[in-house]
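Only one structure is covered here, and it is reproduced in the block below.
Side chains are part of it too, since the values below use all heavy atoms of this structure and drop only hydrogens, waters and symmetry mates. Whatever order the structure lists ligands and atoms in, that order sets their numbers, starting from 1. Numbers for residues simply follow the sequence, beginning at 1.
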Amino acid sequence: MGEKIAIDRIPVCGRIPHFNYKVVKQMYYHIWTIGCQMNVADSQRVAAGLERLGYTPTDRAEDADVMILNTCVVRQQPEDKATNRLNQLRSMKERYPERVLGLMGCMVGVKDPAPLRERFPWVDLFLPPSDPTELWSHLAENGKLSEAQTLIADAEARRLALGRTDTILPASEQGHVVNAYLPIVLGCSHACTYCVIPYRRGAERSRPMSAIIAEAHQLAAQGVRQLTLLGQIVDRYGYDLPEFGRSSETPLVALLREIHAIEGFKRIRFLTSHPNWMRDDLLDAVAELPKVCPHIEVPVQAGDDEVLTRMRRGYTVDDYRKLVARIRERIPGVSIATDIIVGFPGETKAQFDNTCDLLKELRLDKAHIARYSARPQTVATRRFDDNLSHEEKERRRKALDNLQSDILTEINARYLDETVDILVEGWHARRKRWFGRTTTDRLVFFDPVQDSGRDPGEAGRDTNRLGHIVPVHIEWAGPWSLVGKPAEE
Ligand code: SAH
């Protein structure tokens, strides 16, 4: 990246109402993120804070003055990836000790990071999920910032402590990012026996509605067109907030109405739901509010009652079956996505077959299928024997995946020759097509008009469709995507 010296403009906020011009070293940051949408949202907020301090993003970790790894431990595989990445960065950190290396997210969790500090002594900072406060104080205390930047860092830390942020998307993403995620419930207190999330993200707590609405307004102003509200059990939003008191309405419904009123958003989604918390008024709100997409993500996890009991999910297969019928009855044209874990400890062949039968019966619109992975501290790891081999789990995953793929091929064939509204999310450089999604969350590619095949970054391009809703006439349908042409031209 050559000489990292530049004339940089440092915006000074708070007490000094003007801009300072100074000669400073150009500073770079690099954030590596894996895992769920919550991590994507957390990383964006860290990036925005770093950009307020004058840092510039870089794709190359080796050029970065600040490096953050935002991690996931929901299964062994993402945890291994993060560990490998940390090991790769060791020699670089030893060569350039002045660089800042931070580990963030579920690998750190909300408990004392002492054991991690011992294991990875070359890491400077251990940041819990959704809370980078320590990053700002570290940068300020270690003389890495000018006086003006320290003021900004302090303000950033204060804002986080108050549950507020002034800039949520990094400047590099504003106006280019169609989708944004907004965490509304942090942590989880459900304690499914396989799941490590409650141990890492702490107890369930809802964010105040005013803070969420303020962030939503900012995101709309920053160019976001589709907002997805996030929570481990998103439909439990607000039950712990005094502001909802004895209201008989589901708090998430009140929040959806407020967000619906914000101009700028074209689509609103929420995830993940839990079968026991999907009340009728929530389903009716999805049906009534035009911007709220008719798409529900509600994991079943297994199609067998005995397995569900040992997972401590709190419902039976028949409860789930009835829920799917209720969702379909109340939300016309709805699509339903689910998550399934195969190879849970002790899952017999017959129990696995019950899961296959349930998928065949319900014909859901998407299924994320994962092999069971024993996680530290969880009840399943402590009490049950992880008795199925990796090969057997993989065989079950594949069988279910093939089955679901056949179902989706049939369901998606219904879109052929139909025209569907697509919110355009980007340009696919390799396929030379625009892509986006239906309200029902189906991925759709479509051909550019006129200047076919041109990258939208090049001059003479097709009109920039990013963030627009385009009616697309579907000409090809596969299990994972659809392809068509804009209908209006
Ligand atoms: N809170 C959400 C999502 C949790 S994590 C929910 O209630 O579903 C996302 C998905 O990862 C889960 O739905 C589950 O299917 C999967 N998962 C969680 N723990 C797992 C484990 N130990 N092994 C395999 N998959 C797991």
Problem set entry | ligand 1 to Y194 polar contact by distance, N or O atoms, under 3.5 Å | yes

For this session: Without swapping roles, check the side chain of T193 against the backbone of A380 for a donor-acceptor pair under 3.5 Å.
Result: no

For this session: If you have a sec, work out which protein heavy atom is nearest atom 16 (C) of ligand 1 and how many Å separate them, to one decimal?
Result: R75 NH1, 3.4 Å

For this session: Ignoring hydrogens and angles, state whether a donor on the side chain of S405 or N402 is under 3.5 Å from an acceptor on the partner side chain.
Result: no

For this session: Looking only at protein heavy atoms, identify the closest one to atom 9 (C) of ligand 1 and say how far it is in Å.
Result: D339 OD2, 3.9 Å

Seminar exercise, completed: At under 4.0 Å between heavy atoms, what of R313 touches ligand 1? The answer is side chain

Exercise. Quick check: does any side chain N or O of D42 sit under 3.5 Å from a backbone N or O of N70, one acting as donor and the other as acceptor?
Worked result: no

Seminar exercise, completed: Ranked by distance from atom 23 (N) of ligand 1, the top protein heavy atom is S373 N, 3.0 Å

Exercise. Regarding E51 and S172, is there a side-chain donor-to-acceptor distance under 3.5 Å anywhere?
Worked result: yes

Exercise. Only one of T438, D421, L423 forms a side chain to side chain contact (heavy atoms under 4.5 Å, CB included) with V444, so which one is it?
Worked result: T438

For this session: Work out whether the distance between some heavy atom of Q301 and some atom of ligand 1 is less than 4.0 Å.
Result: yes

For this session: Find all atoms of ligand 1 within a distance of less than 4.0 Å from any non-hydrogen atom belonging to R375, and give their numbers and elements.
Result: 22 (N)

Problem set entry | Contact partition for T378 relative to ligand 1, non-hydrogen atoms under 4.0 Å | neither

Exercise. How does V74 reach ligand 1, if at all, at less than 4.0 Å between non-hydrogen atoms: by side chain, backbone, both, or neither?
Worked result: both

For this session: Among W277, F244, F270, find the one that has a side chain to side chain contact (heavy atoms under 4.5 Å, CB included) with Y237.
Result: F244

For this session: Establish, from distance only, whether the side-chain atoms of R313 and Y194 form a donor-acceptor pair under 3.5 Å.
Result: yes

Problem set entry | Sub-4.0 Å heavy-atom approach of I233 to ligand 1 | no

For this session: Verify whether one side chain among T133 and D131 offers a donor that lies under 3.5 Å from an acceptor in the other.
Result: yes

For this session: Would you check whether H368 reaches within less than 4.0 Å of ligand 1, judged by its heavy atoms?
Result: no

For this session: Go through ligand 1 atom by atom and flag the ones less than 4.0 Å from a non-hydrogen atom of I197.
Result: 4 (C), 5 (S)

Problem set entry | E79 vs R375, salt bridge (Lys or Arg N to Asp or Glu O under 4.0 Å): CA-CA, chis, key distance, verdict | CA-CA 10 Å; E79 183 163 359; R375 303 285 59 215; 2.9 Å; yes

Problem set entry | A370 and ligand 1 - part of the residue with a heavy-atom distance under 4.0 Å | side chain

Seminar exercise, completed: Looking only at protein heavy atoms, what sits closest to atom 8 (O) of ligand 1 is P299 CG, 3.2 Å

Problem set entry | Residues, nucleotides or ligands: over 12 heavy atoms within 6.0 Å of Q77 CD | no

Exercise. Just how far is it from atom CG of D365 to atom CG of D441, taken to the nearest 0.5 Å?
Worked result: 9.5 Å

Problem set entry | Nearest-neighbour protein heavy atom for atom 1 (N) of ligand 1, which is reported as residue plus atom name and distance | Q232 OE1, 2.8 Å

Exercise. Which heavy atom of the protein is the closest neighbour of atom 24 (C) of ligand 1, given with residue, atom name and distance?
Worked result: R371 O, 3.3 Å

Exercise. Could an N or O of ligand 1 be found under 3.5 Å from any N or O of Y372, whether backbone or side chain?
Worked result: no

